[in-house]
Visitor: 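A single structure is presented below for examination.
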Amino acid sequence: MPLVRFDAVVGRSQEEIKNLLDAAHRAILSAFDVPQRDRYQIYHEHPESNLILEDTGLGIERTKKVVVVTVVSMPRSQELKQKFYRDLCRELKKSCDIDPSDVIVSMVTNSAPDWSFGNGNAQFITGEL
């Protein structure tokens, strides 16, 4: 049930966006072992001038293929997070030709009461999930 948001520079085709979303979902499935239909993704494009994505002094070069991936999820271990980072970069390189240097990830942690999947219910609290 991670909610995955992608922020990218305008210009990808619908097919490229689909490939990116599918690749990211494969990484989520692999790293976090969630059900196949546990898929919540938002893709948003920005003019290049609206994304300033430097490298924190690490010497990482970025291109117009850069993507910022924000994952909102219940707590995950450091090992699973690192597996996700590796799996995501591997999948994006293989399926989308996005270099790992163009992948920025931020994990945002929340808990069961913070989720409602519809119908005004907090399904983790009500026992529906």
Side-chain angles (χ1 to χ4, degrees):
M1 120 297 349
L3 171 62
V4 187
R5 178 187 167 103
F6 305 83
D7 290 280
V9 175
V10 170
R12 285 185 170 88
S13 69
Q14 290 302 306
E15 181 180 356
E16 289 172 317
I17 294 169
K18 181 186 182 320
N19 288 341
L20 186 149
L21 297 176
D22 289 348
H25 189 59
R26 287 192 298 275
I28 288 282
L29 292 172
S30 170
F32 298 154
D33 194 33
V34 299
Q36 179 73 30
R37 289 184 47 88
D38 219 356
R39 187 171 181 171
Y40 301 90
Q41 298 175 313
I42 301 166
Y43 183 85
H44 189 76
E45 293 186 322
H46 306 271
E48 186 176 1
S49 63
N50 290 12
L51 286 177
I52 300 172
L53 304 168
E54 296 184 354
D55 67 354
T56 312
L58 297 171
I60 298 171
E61 296 293 324
R62 310 241 191 255
T63 71
K64 291 181 182 181
K65 289 186 175 183
V66 69
V67 62
V68 178
V69 182
T70 305
V71 181
V72 179
S73 174
M74 287 202 234
R76 309 283 176 174
S77 70
Q78 286 185 18
E79 292 79 16
L80 288 180
K81 289 177 185 179
Q82 290 178 323
K83 178 174 176 26
F84 172 67
Y85 304 151
R86 288 188 306 269
D87 290 353
L88 178 64
C89 285
R90 184 189 69 246
E91 288 287 345
L92 291 176
K93 180 62 178 171
K94 182 173 83 173
S95 300
C96 308
D97 197 31
I98 298 173
D99 288 329
S101 58
D102 275 329
V103 180
I104 301 170
V105 183
S106 177
M107 301 287 289
V108 179
T109 303
N110 65 9
S111 61
D114 297 319
W115 292 93
S116 171
F117 295 95
N119 298 325
N121 295 332
Q123 288 83 359
F124 287 116
I125 296 172
T126 64
E128 296 169 79
L129 286 175

Visitor: Calculate, to the nearest 0.5 Å, the distance between atoms CD and CD1 belonging to Glu54 and Ile60 respectively.
Guide: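 With rounding to 0.5 Å, CD (Glu54) is 12.0 Å from CD1 (Ile60).
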Visitor: If we only count heavy atoms from C-beta on, is the Glu16 to Cys96 side-chain gap below 4.5 Å?
Guide: no
Visitor: Measure across Phe6 and Val69 and return the closest heavy-atom pair with its distance rounded to 0.1 Å.
Guide: CD2-CG2, 3.9 Å
Visitor: Below 4.0 angstrom, N of the basic side chain to O of the carboxylate: do Asp33 and Arg76 qualify?
Guide: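 Looking at Arg76 together with Asp33, the answer is no, because their closest N to O distance does not fall below 4.0 Å.
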Visitor: Between Arg39 and His25, is there a donor-acceptor pair closer than 3.5 Å when you use the side chain of the first and the backbone of the second?
Guide: no
Visitor: Supply the atom-to-atom distance Tyr43 OH to Gln14 CD, rounded to the nearest 0.5 angstrom.
Guide: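 Interatomic distance, Tyr43 OH to Gln14 CD, rounded to 0.5 Å: 9.0 Å.
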Visitor: Nearest heavy-atom pair of Asp97 and Lys65: which atoms, and what distance?
Guide: O-NZ, 3.0 Å
Visitor: Val9: what forms a side chain to side chain contact (heavy atoms under 4.5 Å, CB included) with it, not counting sequence neighbours?
Guide: Glu48, Leu51, Val66
Visitor: Under 3.5 Å, side-chain donor or acceptor atoms of residues 118-129 against the rest of the protein: list the pairs with distances, not counting sequence neighbours.
Guide:
{"residue": "Asn121", "atom": "ND2", "partner": "Glu128", "partner atom": "OE2", "Å": "3.3"}
{"residue": "Gln123", "atom": "OE1", "partner": "Phe117", "partner atom": "N", "Å": "2.8"}
{"residue": "Gln123", "atom": "NE2", "partner": "Gly118", "partner atom": "O", "Å": "2.9"}
{"residue": "Thr126", "atom": "OG1", "partner": "Gln123", "partner atom": "O", "Å": "3.4"}
{"residue": "Thr126", "atom": "OG1", "partner": "Glu128", "partner atom": "N", "Å": "3.4"}
{"residue": "Thr126", "atom": "OG1", "partner": "Glu128", "partner atom": "OE2", "Å": "2.6"}

Visitor: Stepwise, does the side-chain contact (heavy atoms from CB on, under 4.5 Å) test hold for Trp115 with Val72?
Guide: CA-CA 10 Å; Trp115 292 93; Val72 179; 4.1 Å; yes
Visitor: Rounded to the nearest 0.5 Å, what's the gap from CG on Leu21 to CD1 on Ile28? Could you check?
Guide: 11.5 Å
Visitor: Check whether any side-chain N or O of Arg26 sits under 3.5 Å from a backbone N or O of Asp87 as a donor-acceptor pair, and report yes or no.
Guide: no
Visitor: Can Met107 be reached from Ile104 by stepping across I, L, V, M, F, W or Y side chains whose heavy atoms are under 4.5 Å apart?
Guide: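 In one cluster: no.
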Visitor: Would you say that His46 contacts Asp7 through its side chain, given a criterion of any heavy-atom pair below 4.5 Å between the two side chains?
Guide: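 They are in contact (side-chain heavy atoms under 4.5 Å apart), so the answer is yes.
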Visitor: Please report the interatomic distance CD(Gln41) to CD1(Ile17), rounded to the nearest 0.5 Å.
Guide: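 Between Gln41 CD and Ile17 CD1, I get 12.0 Å after rounding to 0.5 Å.
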Visitor: Using side-chain heavy atoms (C-beta onward) and a distance below 4.5 Å, is Val34 in contact with Leu29?
Guide: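 Yes, at least one pair of side-chain atoms sits under 4.5 Å.
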Visitor: Kindly say whether Leu58 contributes a backbone atom to a donor-acceptor pair with the side chain of Thr56 at under 3.5 angstrom?
Guide: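 Pair absent, no side-chain N/O of Thr56 close to backbone of Leu58.
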Visitor: Are Asn19 and Ser95 linked by a side-chain donor-acceptor pair shorter than 3.5 Å?
Guide: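 Asn19 vs Ser95: no donor-acceptor pair found between side chains.
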Visitor: Please evaluate residues Lys93 and Val103 with respect to the criterion side-chain contact (heavy atoms from CB on, under 4.5 Å), reporting the C-alpha separation (whole Å), side-chain torsions for both, the decisive distance (0.1 Å), and the verdict.
Guide: CA-CA 10 Å; Lys93 180 62 178 171; Val103 180; over 6 Å; no
